[in-house]
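Contents: one structure, followed by commentary.
Atoms within each ligand, like the ligands themselves, are counted from 1 in listed order. All residue numbers in this chain count up from 1 along the given sequence.
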Amino acid sequence: MPLIVQKFGGTSVADSQKILAAARKAIRAQQQGHQVVMVVSAMGKNTDLLVDLASQITDQPSAREMDMLLSTGEQVSVALMAMAIHSLGHQAVSLTGAQIGIRTDSSHTKARIKSISTERMQRLLDEGNIVIAAGFQGIDEDLNITTLGRGGSDTTAVALAAVLNANSCEIYTDVDGVYTTDPRVLPEARRVSRISYDEMLELASLGAGVMHNRSIEFAKKFRVAIHVRSSLSDAPGTMIVAEPESADQPVCGAALLKDEARISILGVPDKPGSSLEIFSRIAKRNISVDMIVQNVGEQGKADVSFTVPKNELRATLEAVNEGATVVGADRVTHDDKVAKVSVVGLGMARQTGVADKMFHALADAGVNIQMITTSEIKISVLVARDEAQRALRAVHQIFKLEQEPAAIPAIEVEATAQTRDPADVITHLRGVDMEELTIDGITLDEGQARISISGVPDTPGVAAKVFDEVAAAGIFVDMIVQSYNGHDGQASLSFTVPNAKLAESVAVANRLAATFNCEGVTSSPDIAKLSVSGVGLRSHTGVAIRTFNALAKAGINVEMINTSEVRVNVVVDGKRAAEALTRLQQAFADVLH
Ligand code: ADP
Ligand code: ASP
Ligand code: MG
């Protein structure tokens with residue numbers, strides 16, 4: 001019998017009428033011949049209320065007790081949902097995470113799923129019950145209650161769909177699908193009919209709150225087709241599958257993370273291992289960092305900047321201050337009034353001028369870009385928080401995201417779901433934790449060259465001008481990194497281009513450096529870009545660390561780095577290319593598939 005997982009978010013179970021409406025949807029699916037597993041979130045804003053209650057008692061609650069507290073929200077709603085189904089004359093059983101056997105690690109408030117037992121759920125389903133699972137919770141080895149992180153019910157739903165080999169996974173929420181950006185922030189946003197796993201993974205981790213990013217890791221790994229739709233209607237929403245909506249569009253969506261903080265460590269001795277010393281301390285605290293940018297070193301010292309969610313600033317500063325002392329850095333600065341604006345799209349990996357367009361839109365809107373990082377399928381910029389919404393609107397507009405793409409090729413969604421072989425899931429999981437890091441390849445690209453412009457003034461429009469000219473010459477720019485404007489109010493802008501285009505790009509850079517009174521241009525024809533690819537690389541805090549560690553041990557300096565959910569790229573000295581590749585292969589041997 002086909003099996004369907006239906007997840008109802010907080011607003012979709014906010015009161016008794018909504019609980020009854022959700023119950024009816026599940027009953028209808030059962031009557032249409034499905035076995036039905038419901039995953040239910042806490043009612044309305046209940047989780048927020050519980051967080052608030054805790055904060056009235058202490059500003060540093062124990063993470064274990066926080067999980068004990070927050071998990072009660074979901075326990076209330078599953079029980080009420082079961083009663084609702086009973087009252088409508090059908091069989092249902094509610095289960096907590098522990099009762100299902102959702103085993104997690106012990107990182108309270110952001111636990112990762114290790115395994116899920118299906119026997120009890122399957123038995124209840126076979127007896128004709130609708131199974132109602134509490135979202136967002138599990139238990140660790142010592143039976144402590146854990147939670148998966150805010151928004152984690154999506155992850156419970158997709159993980160259950162994967163282990164139960166469900167035919168579909170429906171996410172019912174208060175929007176009717178995934179939009180090109182949060183429709184609450186920009187009303188002109190457009191609902192997309194379809195989005196690829198990689199794009200959704202990236203958007204979700206860059207601020208598109210409609211899906212918990214780790215749920216998309218599961219979906220991609222286990223090929224679960226997700227249907228995001230409104231709990232208020234039966235209209236089709238958005239399918240999250242392997243294929244993008246349109247292959248021609250460079251950008252499929254934009255996202256905003258409003259509450260970010262930047263940390264800069266100034267005057268870090270520019271030698272292998274310095275970054276490692278600092279970042280391993282952060283990773284130990286399970287904090288994921290983003291936008292790691294290192295200035296090309298001067299006088300043997302470099303500046304390293306990166307971002308973390310603002311609510312992790314305090315813990316990160318603790319770690320950074322320790323690390324900075326050990327490596328002998330000059331000082332640490334931070335800014336907690338910044339926001340990150342990103343655009344995402346599979347298409348940008350094949351087109352020139354995408355970054356340029358974005359920087360242009362920002363310059364025209366008078367928004368100053370404080371930092372830039374890119375990866376194959378996303379570009380992120382750091383801006384002042386009070387300019388963030390304007391920045392988001394400008395980039396949404398320039399890529400015409402409100403408009404339907406010209407042609408949306410049809411795909412067989414059923415076929416996508418069915419390419420998953422249950423045996424594969426089992427093999428995939430044998431002896432491996434479900435959310436374990438998966439690396440599927442390490443590659444080396446020796447075809448690129450690096451150009452750096454130092455002393456770039458801190459005014460809107462410089463990046464736009466540089467990449468305007470580079471794009472006008474038809475040069476494809478791969479990695480772009482703009483550092484934070486360190487102690488002297490000036491930033492450095494580095495990028496990579498195909499080797500054959502180096503001379504031409506240097507000429508452009510020199511001309512613009514003169515125009516904007518920059519300090520100078522340096523370039524290196526002999527670089528190697530190494531890429532580690534897989535799933536959930538940014539959310540697994542250890543990946544960048546392993547990379548740094550492996551290279552540092554061999555005395556290989558990392559010149560540039562960028563990270564996305566599906567890739568970590570580092571640029572090193574071209575003469576060390578082969579050795580660097582071997583080192584990384586060794587470092588990831590245990591997780592390489
Ligand atoms: P639920 O409680 O159902 O899990 P959430 O509040 O977690 O619902 O997610 C739905 C909300 O996500 C929407 O109300 C919307 O404001 C927000 N959102 C953010 N980014 C997007 C996006 N790209 N597309 C759709 N909704 C988005
Ligand atoms: N109730 C939890 C939260 O509000 C989990 C979820 O809704 O996904 O974060
Ligand atoms: Mg949610």
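Contact detail for Ser564 and Leu537: the closest heavy-atom pair is O-CB, 3.8 Å.
With Thr155 as the fixed residue, the side chain to side chain donor-acceptor pair (under 3.5 Å) test singles out one of Lys7, Arg214, Glu217, His212: His212.
Salt bridge annotation for Arg190-Glu245: present, with a cationic side-chain nitrogen under 4.0 angstrom from a carboxylate oxygen. Note on Asp198 versus Lys220: salt bridge recorded, some NZ/NE/NH1/NH2 to OD/OE distance being below 4.0 Å. In summary, Arg184 and Asp174 engage in a salt bridge, as defined by a charged side-chain N under 4.0 Å from a carboxylate O.
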inquiry  = Is there a side chain to side chain contact (heavy atoms under 4.5 Å, CB included) between Arg112 and Asp433? Walk through the geometry before answering.
reply    = CA-CA 9 Å; Arg112 280 187 176 270; Asp433 294 346; over 6 Å; no
message = Could you go through Thr147 and Asp67, starting from their C-alpha distance and side-chain angles, then the distance that decides it, and tell me whether this counts as side chain to side chain donor-acceptor pair (under 3.5 Å)?
response = CA-CA 6 Å; Thr147 65; Asp67 279 351; 2.6 Å; yes
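Using a heavy-atom distance under 4.0 Å as the criterion, the protein contacts of ligand 1 are Lys7, Gly9, Gly10, Thr173, Asp174, Val175, Gly177, Val178, Tyr179, Thr181, Asp182, Pro183, Arg184, Ala208, Gly209, Val210.
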Once you restrict both partners to nitrogen or oxygen, which atoms of ligand 2 have a protein partner under 3.5 Å, and how far apart are they?
from     : atom 1 : to     : atom 2 : distance (Å)
ligand 2 : 1 (N)  : Thr47  : OG1    : 2.8
ligand 2 : 1 (N)  : Glu74  : OE2    : 2.7
ligand 2 : 4 (O)  : Thr47  : OG1    : 3.3
ligand 2 : 4 (O)  : Arg150 : NH2    : 3.0
ligand 2 : 7 (O)  : Ser41  : OG     : 3.1
ligand 2 : 8 (O)  : Gly151 : O      : 3.4
ligand 2 : 8 (O)  : Gly152 : N      : 3.3
ligand 2 : 8 (O)  : Ser153 : N      : 3.0
ligand 2 : 8 (O)  : Ser153 : OG     : 3.1
ligand 2 : 9 (O)  : Arg150 : NE     : 2.7
ligand 2 : 9 (O)  : Gly151 : N      : 2.8

Just list the side-chain donor-acceptor pairs under 3.5 Å for residues 367-375, sequence neighbours left out, or say none.
from   : atom 1 : to     : atom 2 : distance (Å)
Asn368 : ND2    : Asp458 : OD1    : 2.8
Thr374 : OG1    : Ile480 : N      : 2.9
Ser375 : OG     : Ile377 : N      : 3.4

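Residue pairs satisfying the side-chain hydrogen bond (donor to acceptor under 3.5 Å, both in side chains) criterion with at least one member in residues 39-56, sequence neighbours excluded, are listed as follows: Ser41-Ser153, Asp48-Arg150, Asp52-Gln56.
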